Amino acid sequence: MPSTMADVGPIVPVVVIDDETRAGDVALALAEGGIHCAEVTLRTDAGLGAIAAIADLGIPGFVVGAGTVLNRDDLERSLAAGAQFIVSPGFDDEVVSRALDAGVAVLPGVATATEVQRAINAGVDTVKLFPADRLGGLPTIAALAAPFRHTRFVPSGGVTADNALEYLGHPAVPAVSGSWMVTRQMIARGDFTGISRVSQEFTSRLGSRS
């Protein structure tokens with residue numbers, strides 16, 4: 001189980017799934033494409049079941065986390081389902097504290113310098129900038145990284161195959177969060193080959209960076 005977000009990997013796919021029976025195939029397709037984690041959101045009723053299905057599958061080296069974790073109840077249900085990391089759209093002190101006590105990597109969302117300071121004081125060294133595109137994207141990360149030089153930022157919201165590498169080129173960005181390789185529509189129509197192909201295309205570009 002990853003204890004920090006640095007252990008999760010440079011790409012965190014955001015999975016919004018409506019049918020938990022497709023979860024295993026989604027995870028296998030991502031792994032085949034070279035991506036070894038998935039953030040399954042709780043935006044749908046299938047979220048918890050999908051987390052459990054992926055965790056039970058036990059793909060070597062693959063970690064599954066829960067996204068859209070809004071409160072303590074969401075957190076406890078996610079951990080019970082087998083979530084190995086926790087992602088929130090905003091900062092909730094109780095969620096962060098409980099996740100850290102459980103030894104689970106947690107990625108709380110921030111939008112301001114004040115929230116970054118709260119995260120630091122809570123013992124978190126990596127935060128999610130959300131929604132990154134609406135907040136100014138990479139220039140905002142660069143501005144926040146200057147005073148908070150030991151904090152890392154994972155952009156989420158508006159991250160695409162076209163701008164992900166630019167984000168990852170900044171030393172304060174250890175990972176990006178996005179869904180272009182595993183869209184809700186791709187999952188719904190069972191396009192697992194497409195998920196694998198798009199994932200492989202990006203991981204190849206990532207690996208070829210000089």
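What you see is a predicted model; the values in this text were computed from it and never measured. Reckoned from all heavy atoms, side chains included, excluding hydrogens, waters and symmetry mates. Counting begins at 1 with the first residue of the sequence.
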Q: List the steps, then state whether side chain to side chain contact (heavy atoms under 4.5 Å, CB included) holds for Leu48 with Ser78.
A: CA-CA 6 Å; Leu48 287 171; Ser78 297; 4.1 Å; yes
Q: Check the pair Asp92 / Leu70 against side chain to side chain contact (heavy atoms under 4.5 Å, CB included), numbers first and verdict last.
A: CA-CA 7 Å; Asp92 183 278; Leu70 304 180; over 6 Å; no
Q: May I have the step-by-step check of side chain to side chain contact (heavy atoms under 4.5 Å, CB included) for Ile86 and Arg98, ending in yes or no?
A: CA-CA 11 Å; Ile86 299 296; Arg98 172 69 179 104; over 6 Å; no
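Residues Val95 and Val14 are members of separate hydrophobic clusters, defined by side-chain heavy-atom contacts under 4.5 angstrom among Ile, Leu, Val, Met, Phe, Trp and Tyr. Note on Val87 and Val16: separate hydrophobic clusters, where clusters join Ile, Leu, Val, Met, Phe, Trp and Tyr whose side-chain heavy atoms are under 4.5 Å apart, directly or indirectly.
The two residues Ile35 and Pro13 have their closest heavy-atom pair at CG2-CG, 3.4 Å. Across all non-hydrogen atoms, the minimal contact from Gly47 to Leu42 is C-CD2, 4.3 Å. The shortest non-hydrogen separation linking Ala164 to Phe202 is CB-CZ, 3.5 Å. Of all the heavy atoms in Ala99 and Leu75, the pair that sits closest is N-CD2, 3.8 Å. For the residue pair Val8 and Cys37, the shortest heavy atom distance occurs at CG1-SG, 3.5 Å. Looking at every heavy atom in both residues, Asp74 comes nearest to Asn71 through N-OD1, 2.8 Å.
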Validation: residues 56-64 side-chain donor-acceptor distances under 3.5 Å, sequence neighbours left out:
none

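One finds the OG1 atom of Thr151 at 9.0 Å from the CG atom of Leu144 (value rounded to the nearest 0.5 Å). Taken to the nearest 0.5 Å, the CZ atom of Phe91 stands 12.0 Å off from the OG1 atom of Thr114. Here the OG-CD distance, from Ser177 to Glu39, works out to 5.0 Å after rounding to the nearest 0.5 Å. Of the inter-residue distances, the one linking Met186 atom CE with Ile195 atom CD1 reads 5.0 Å to the nearest 0.5 angstrom. The CG atom of Asp45 sits 12.5 Å away from the CD1 atom of Ile17 when rounded to the nearest 0.5 Å. For the atom pair Asn121 CG and Asp93 CG, the distance stands at 10.0 Å (nearest 0.5 Å).
Here the side chain of Thr140 pairs a donor or acceptor atom with the backbone of Leu135 at under 3.5 angstrom. Remark: the backbone N or O of Val159 is not paired with any side-chain donor or acceptor of Asn163 at under 3.5 angstrom. Arg152 places a side-chain N or O within 3.5 Å of a backbone atom of Arg149 that can act as its donor or acceptor partner. In terms of modelled atom types and a separation under 3.5 Å, the side chain of Thr203 and the main chain of Gly33 share a donor-acceptor contact. Judged by distance alone, the side chain of Ser208 and the main-chain N or O of Ser204 form a donor-acceptor pair under 3.5 Å. The closest donor-acceptor contact from the side chain of Ser88 to the backbone of Gly109 lies at 3.5 Å or more, if one exists at all. Remark: side-chain polar atoms of Asp18 are not paired, donor with acceptor, to backbone N or O of Arg184 under 3.5 angstrom. Of the possible polar contacts, none joining the Ser196 side chain to the Phe192 backbone as a donor-acceptor pair under 3.5 Å is found.
At least one side-chain heavy atom of Ile11 sits under 4.5 Å from a side-chain heavy atom of Met181. Contact annotation: the side chain of Val176 never approaches that of Pro10 to less than 4.5 Å [non-hydrogen atoms, C-beta and beyond].
Under a 4.0 Å N-O distance rule, the pair Glu201/Arg205 does not qualify as a salt bridge.
Within a 6.0 Å sphere centred on CD of Gln200, heavy atoms belonging to other residues, nucleotides or ligands number more than 12. Within 6.0 Å of the CZ atom in Arg189, the count of heavy atoms belonging to other residues, nucleotides or ligands exceeds 12.
For residues 110-169, the set of pairs meeting the ring-ring contact (aromatic ring centres under 6.0 Å, His included) definition, not counting sequence neighbours, is empty.
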